[in-house]
Amino acid sequence: TKMTRFILKDVFICCYMALAPFACACADEGNMRSYHLGFMYPNGADVAGYTVEDRIKDNIYRFYTFGLPSIASIGVTYYENYEGNGLAASCGVGLGVLSMIHGSLAYQWQVQETDYVKLGAGLATSLVYNGAFPVISYEHRFH
């Protein structure tokens, strides 16, 4: 209906306006950039995309992700061991089909110096889906 499209358009514009300043604030040389593939990446609830993470303190990182089908997402992730094996818990908000609000708990395995596999579960709530999703993803980080 027209009302639904109007509401979706407003939500999209508001989320974009919230994401843009966050992305600009994260855009410095000290950030970790990565791309990911798989079934539901924890930082954005998507299957393919690009992520920038910025360390806030000790094991806590803020992120922004651009991917499909989620389009864009921002949030916070806790890593037990960022550059090794360990638990990773994330929560965020975003645009797109599956990522209005999302959170996950996954175990991260380092398979090569800059490559990681994440396996776990998450929850997402959006206009088209509300519920759990599996996390099975591969991530390559650029140093």
Side-chain angles (χ1 to χ4, degrees), residues 1 4-5 7-143:
T1 67
T4 303
R5 279 185 270 148
I7 291 170
L8 287 174
K9 180 182 170 189
D10 283 351
V11 168
F12 180 82
I13 290 169
C14 289
C15 288
Y16 179 78
M17 289 173 60
L19 287 169
F22 188 87
C24 292
C26 287
D28 67 37
E29 293 299 316
N31 297 337
M32 179 62 67
R33 290 158 172 74
S34 65
Y35 68 83
H36 54 271
L37 298 168
F39 189 73
M40 298 308 191
Y41 181 66
N43 295 356
D46 53 26
V47 294
Y50 175 79
T51 298
V52 176
E53 293 178 300
D54 182 36
R55 184 174 156 193
I56 298 172
K57 65 180 205 176
D58 295 337
N59 298 356
I60 300 174
Y61 292 75
R62 65 183 174 176
F63 68 83
Y64 66 93
T65 296
F66 297 99
L68 295 172
S70 296
I71 302 173
S73 182
I74 61 172
V76 177
T77 302
Y78 166 82
Y79 287 96
E80 185 175 33
N81 182 1
Y82 186 78
E83 293 186 5
N85 299 339
L87 289 175
S90 69
C91 61
V93 297
L95 304 172
V97 177
L98 297 176
S99 70
M100 292 305 263
I101 299 172
H102 57 84
S104 68
L105 180 62
Y107 194 84
Q108 168 181 282
W109 284 276
Q110 183 177 21
V111 293
Q112 291 185 15
E113 184 179 342
T114 58
D115 297 340
Y116 299 84
V117 171
K118 295 181 181 181
L119 185 61
L123 290 172
T125 182
S126 72
L127 297 173
V128 296
Y129 179 78
N130 295 305
F133 61 86
V135 171
I136 305 168
S137 66
Y138 163 81
E139 175 184 29
H140 175 79
R141 296 179 184 162
F142 303 100
H143 285 283

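Note that the coordinates shown come from a computational prediction; the quantities given were computed from them, not determined experimentally.
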Is any side-chain heavy atom of [X] closer than 4.5 Å to a side-chain heavy atom of [Y]?
| X | Y | answer |
| --- | --- | --- |
| I74 | R62 | no |
| Y107 | L119 | no |
| T77 | I60 | no |

Kindly compute the distance separating [atom1] ([X]) from [atom2] ([Y]), expressed to the nearest 0.5 Å.
| X | Y | atom1 | atom2 | result |
| --- | --- | --- | --- | --- |
| C91 | L105 | SG | CG | 12.0 Å |
| F133 | S104 | CZ | OG | 5.5 Å |
| E113 | R141 | CD | CZ | 12.0 Å |
| E53 | R33 | CD | CZ | 11.5 Å |

Using a strict cut-off of less than 4.0 Å between a Lys/Arg side-chain nitrogen and an Asp/Glu carboxylate oxygen, indicate whether K118 and E139 qualify as a salt bridge.
yes
Between S90 (side chain only) and P42 (backbone N and O only), is there a donor and an acceptor less than 3.5 Å apart?
yes
Say whether, by atom type as modelled, one donor and one acceptor occur between the side chain of E80 and the main chain of L87 under 3.5 angstrom.
yes
For [X] and [Y], test the side chains for any donor-to-acceptor distance below 3.5 angstrom and give the result as yes or no.
| X | Y | result |
| --- | --- | --- |
| Y61 | D54 | no |
| N43 | T65 | no |
| Y82 | Q108 | no |

Taking all non-hydrogen atoms of both residues into account, name the closest pair between [X] and [Y] and its distance.
| X | Y | answer |
| --- | --- | --- |
| D46 | L68 | CB-O, 3.0 Å |
| A106 | V135 | CB-CG1, 4.1 Å |
| N85 | W109 | OD1-CA, 3.3 Å |

When you look at F63 and S73, which way does the side-chain contact (heavy atoms from CB on, under 4.5 Å) test go after all the steps?
CA-CA 8 Å; F63 68 83; S73 182; 4.0 Å; yes
Single hit among Y41, Y50, F66, F142 for ring pair (Phe, Tyr, Trp, His ring centres under 6.0 Å) with Y35:
F142
Carefully, step by step, assess T51 and H36 under the rule side-chain contact (heavy atoms from CB on, under 4.5 Å).
CA-CA 8 Å; T51 298; H36 54 271; 3.3 Å; yes
Give a yes/no verdict on a cation-pi contact between R55 and Y79, requiring under 6.0 Å between NZ or CZ and the six-membered ring centre and an angle within 45° of the axis.
no
